[in-house]
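To start, the structure under review is shown below, and the notes come after it.
Quantities reported herein were computed from a predicted structural model and do not represent experimental measurements. We use all heavy atoms of the structure for the numbers below, so side chains are in, but hydrogens, waters and symmetry mates are not.
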Amino acid sequence: MNQYKDKLKENSLKITQKRMRMIELFLDENRYLSAKDVQELLKEEYPDISYDTIYRNLYTLKDIDVLEQTTLSGEMHYKISCTTHHHHHFICDECGVTRVIHYCPVQKWEDELDDVEIKNHKVELYGLCGECKKART
């Protein structure tokens, strides 16, 4: 948790109990969560936490690269940022669980598009994880 406290300090942000608990929640869950999910998971500890407070913190934590975001079913979802190495994700549309994809196709694409320079990219694959796929059958 110290690395996240340092990240907050570096960005001149207060280290509040709620903010740290949110980060801890994302570390524990290790999947994409919506603001509603966060509110539901924190309501026992913080019954009066407002949706606006959750959204402001999600945006702030994303802005300083503590969280990353994606869109699932037309709604923003967040997950703890992966910063240890370059990789991509498979994301389950149903439960938000993610799996790391270590192969990066960008070099092949750059070779194919020989007159371009790719400066940044994000590759995400969406579908059903094994558990959600089983539940549907």
Charged N to carboxylate O below 4.0 Å: is that the case for Lys122 and Glu68?
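Looking at Lys122 and Glu68, the cut-off is not met.
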Approximate separation, where rounding is to 0.5 Å, of [X] [atom1] and [Y] [atom2]:
X: Glu110; Y: Ile118; atom1: CD; atom2: CD1; answer: 4.5 Å
X: Ile54; Y: Ile49; atom1: CD1; atom2: CD1; answer: 4.5 Å
X: Glu24; Y: Met1; atom1: CD; atom2: CE; answer: 5.5 Å
X: Asn2; Y: Lys9; atom1: CG; atom2: NZ; answer: 8.0 Å
X: Lys79; Y: His89; atom1: NZ; atom2: NE2; answer: 4.5 Å
X: Lys133; Y: Glu94; atom1: NZ; atom2: CD; answer: 13.0 Å

Take a 6.0 Å sphere around [atom1] of [X] and say whether it holds more than 12 heavy atoms from other residues, nucleotides or ligands.
X: Arg21; atom1: CZ; result: yes
X: Gln17; atom1: CD; result: no
X: Tyr126; atom1: OH; result: yes

If the plane angle is over 60° it's perpendicular, under 30° parallel, otherwise tilted; pick one for His87 and His102.
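Because their plane-to-plane angle lies in the 30° to 60° range, the rings of His87 and His102 count as tilted.
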[X] versus [Y]: any side-chain heavy-atom pair under 4.5 Å?
X: Val97; Y: Glu131; value: no
X: Tyr32; Y: Asp37; value: no
X: Leu8; Y: Leu61; value: yes

Looking at the rings of Tyr55 and Tyr59, which for Trp means the six-membered one, are their centres under 6.0 Å apart?
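No; Tyr59 has its ring centre 6.0 Å or more from that of Tyr55.
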Determine, stepwise, if the pair Val106 / Trp109 fulfils side chain to side chain contact (heavy atoms under 4.5 Å, CB included).
CA-CA 5 Å; Val106 171; Trp109 294 339; 4.0 Å; yes
Please answer: with hydrophobic residues joined when any side-chain heavy atoms are less than 4.5 Å apart, are [X] and [Y] in the same cluster?
X: Leu27; Y: Leu42; result: yes
X: Ile80; Y: Met76; result: yes
X: Val38; Y: Ile64; result: yes
X: Tyr78; Y: Val100; result: no
X: Leu72; Y: Leu125; result: no

Please check if the side chain of Glu124 supplies one atom and the backbone of Ile91 the other of a donor-acceptor pair under 3.5 Å.
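No.
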Report yes or no: do Asn57 and Thr60 form a side-chain donor-acceptor pair below 3.5 Å?
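Side chains of Asn57 and Thr60: no pair found under 3.5 Å.
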Answer with yes or no whether the side chains of Tyr46 and Thr53 bring together a donor and an acceptor at under 3.5 Å.
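The criterion, which ignores hydrogens and geometry beyond distance, is not satisfied for Tyr46 and Thr53.
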Do you know which two heavy atoms are closest between Cys129 and Cys92, and how far apart they sit?
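Distance-wise, the nearest heavy atoms are N-SG, 3.3 Å.
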